[in-house]
2 protein chains.
Amino acid sequence: MSRSARSGTREEILDAASWLFAATGFKGTSLQDIAGAVGCSKAALLYHFDGKDAILAELLAPAVEAFETLDARLAALGDEAVRRAAVEGFVDLVMRFRREVTVLYGDLPDLLQRPAFAGVQEMTDRLLAALTGRSAEPAARAAALLVLGGVPVACMEPCGIGDDELRSALVRSAARALDPTGA
Amino acid sequence: MSRSARSGTREEILDAASWLFAATGFKGTSLQDIAGAVGCSKAALLYHFDGKDAILAELLAPAVEAFETLDARLAALGDEAVRRAAVEGFVDLVMRFRREVTVLYGDLPDLLQRPAFAGVQEMTDRLLAALTGRSAEPAARAAALLVLGGVPVACMEPCGIGDDELRSALVRSAARALDPTGA
DNA sequence: TCAGGGTTTGACCGATCGGACAGTTTTCCG
DNA sequence: CGGAAAACTGTCCGATCGGTCAAACCCTGA
């Protein structure tokens, strides 16, 4: 029961919260749940963070930042090189921030309507446009949307699926979205 | 304000609830939200249904039934015909019960852990096995999982994506999962 | 040793959740 | 018409939500 005061509690909270948010959703996870997973009291969470939303924001910050970096890199590329870069950049992003992306897209569209994440929505649209070669064809957009939708289940460790298999599946999935045949 | 007693209120409730559950999740939708969308009081919902869970159960019943039918049909097929039938059956199921499937897979894994839907979890596993040709290869399972994960976003009307585009995207997505190249 | 600040806790708050219940309105039918 | 059944509402309940606060804890440095 007793927890030694002073330690890396902040990191423990963020780690536990990321797992719980990814598994049961943001709204489906209570502060008590997080506190129980960490092994501290609910009040301790609110000492380290300004609230539940602040935990979420700090949790997603690195992923959002990586999203912005990718978005800026794509904007600096010529149209012909964009799609290839979009695929590998997107796959990299998903692999690195698996849990975060699961939380972000898993609670769509509720989460993206928050002012703090409104930019992610726009960046997702731009990524979608890049994946589909900026064509507004509904068929291509549908395919790309399906790819993005599959990402929230990217936490596949419990299913016995390793990093290599997940990465190759993501690459194939994303590559299919920009396959000109069948558009 | 006043609602005329006697009417198809049950259907109105189920329709409104399916939209709200798909959009904001089961846990993210309150009885007040549903009542507000229907235009009746919260107590009226509990007059027609035994509770929030009962609304969900009745909402998902047709989709679960269709799932069971597909599962039985696949079990009666020889292994060589299973995969082709699995793809078209799965796509048909998603197209017919778009909102229901979105609710069901969108609240994964919370929802599937309920005793009432435990069978769906097993059937999903069997469908996964059918899509991947019963091979336990992690790579193939990862690809199939991504396909299933993309389904919750299948409510694409707001994105201007019609039925034909969605269907073809689903077929291509599912077909990729059983593509022997790259397994 | 002891003061002081960072850390943690239990108790508590208002709001909202799903749900229960009695009473009122509306529809149906003899 | 009039009364029974169906449909619906307002109100209340206990539990839980996110969040606050004062008191207690523990580690550190003078």
Side-chain angles (χ1 to χ4, degrees), chain A residues 1-60 103 106-107 110-111 113-117, chain B residues 1-60 103 106-107 110-111 113-117:
Chain A
M1 287 305 131
S2 65
R3 291 182 45 80
S4 62
R6 146 155 154 55
S7 56
T9 306
R10 274 186 73 94
E11 286 70 25
E12 287 184 39
I13 292 173
L14 289 175
D15 188 63
S18 69
W19 277 114
L20 289 170
F21 287 166
T24 65
F26 177 69
K27 281 171 301 193
T29 304
S30 71
L31 292 179
Q32 303 243 39
D33 294 334
I34 304 174
V38 173
C40 68
S41 72
K42 185 180 60 171
L45 305 182
L46 297 164
Y47 165 76
H48 288 283
F49 297 92
D50 286 339
K52 193 185 179 186
D53 287 18
I55 298 179
L56 176 70
E58 186 156 333
L59 191 62
L60 260 38
V103 174
D107 275 87
D110 261 20
L111 225 50
Q113 284 178 358
R114 293 166 178 250
F117 303 120
Chain B
M1 284 303 135
S2 63
R3 286 182 49 78
S4 60
R6 139 150 158 59
S7 59
T9 307
R10 275 185 71 95
E11 286 71 24
E12 287 185 37
I13 293 172
L14 289 174
D15 188 63
S18 70
W19 276 113
L20 288 170
F21 287 166
T24 64
F26 176 71
K27 282 171 301 192
T29 304
S30 71
L31 292 180
Q32 303 243 39
D33 294 333
I34 305 174
V38 174
C40 66
S41 72
K42 185 180 63 170
L45 305 182
L46 298 165
Y47 166 76
H48 288 284
F49 298 92
D50 286 340
K52 193 184 179 187
D53 286 19
I55 298 178
L56 177 69
E58 187 156 333
L59 192 61
L60 261 38
V103 174
D107 274 87
D110 262 20
L111 225 50
Q113 285 179 356
R114 293 167 179 249
F117 304 119

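First the proteins, then the strands, lettered A, B, ... as listed; each starts at 1. Reckoned from all heavy atoms, side chains included, excluding hydrogens, waters and symmetry mates.
- For B/S30 and C/dC17, the shortest distance from a side-chain N or O to OP1 or OP2 is below 4.0 Å.
- For the pairing with B/F21, the side-chain contact (heavy atoms from CB on, under 4.5 Å) check across B/L60, B/V103, B/D33 returns one residue only, B/V103.
- Atoms CD1 (A/I34) and P (D/dT16) sit 17 Å apart, rounded to a whole Å.
- Per the geometry, OH belonging to B/Y47 stands 18 Å off P belonging to C/dG23, to the nearest Å.
- Rounded to an integer number of Å, the gap from A/E11 CD to C/dT7 P is 11 Å.
- Cation-pi geometry between A/K27 and B/F26 is not met at under 6.0 angstrom from the ring centre and within 45 degrees of the axis.
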Practice item. Under the side-chain contact (heavy atoms from CB on, under 4.5 Å) rule, what do B/D15 and B/V38 come out as? Steps first, then yes or no, please. Key: CA-CA 9 Å; B/D15 188 63; B/V38 174; over 6 Å; no
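- In this structure, of C/dG10, D/dC8, C/dT7, it is C/dT7 that holds the atom nearest to the side chain of A/H48.
- Between the CD atom of A/E12 and the P atom of C/dT7 there is a distance of 13 Å, given to the nearest Å.
- Across all non-hydrogen atoms, the minimal contact from B/L46 to B/G51 is CD2-CA, 3.7 Å.
- In this structure, B/Q32 places its CD atom 10 Å from C1' of C/dG18, rounding to the nearest Å.
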Could you list all N or O pairs between the protein and nucleotides 19-22 of chain C that sit under 3.5 Å apart?
{"from": "C/dG19", "atom 1": "OP2", "to": "B/K52", "atom 2": "N", "distance (Å)": "2.6"}
{"from": "C/dG19", "atom 1": "O6", "to": "B/K42", "atom 2": "NZ", "distance (Å)": "2.8"}

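- If you measure from atom CD1 of A/I55 to atom P of D/dG19, you get 9 Å, rounded to the nearest angstrom.
- The phosphate of C/dT7 (OP1 or OP2) has no side-chain N or O of A/T9 nearer than 4.0 angstrom.
- A 6.0 Å sphere centred on CG of A/D50 holds no more than 12 heavy atoms belonging to other residues, nucleotides or ligands.
- If you measure from atom CZ of B/F26 to atom C1' of C/dG18, you get 10 Å, rounded to the nearest angstrom.
- From B/K42, atom NZ reaches atom NZ of B/K52 across 11.5 Å, with rounding to the nearest 0.5 Å.
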Practice item. Dump the intermediate steps for side-chain contact (heavy atoms from CB on, under 4.5 Å) on A/F49 and A/L14, then the final yes or no. Key: CA-CA 10 Å; A/F49 297 92; A/L14 289 175; 3.8 Å; yes
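- Whole-Å rounding puts the B/K27 NZ to D/dT16 C1' distance at 15 Å.
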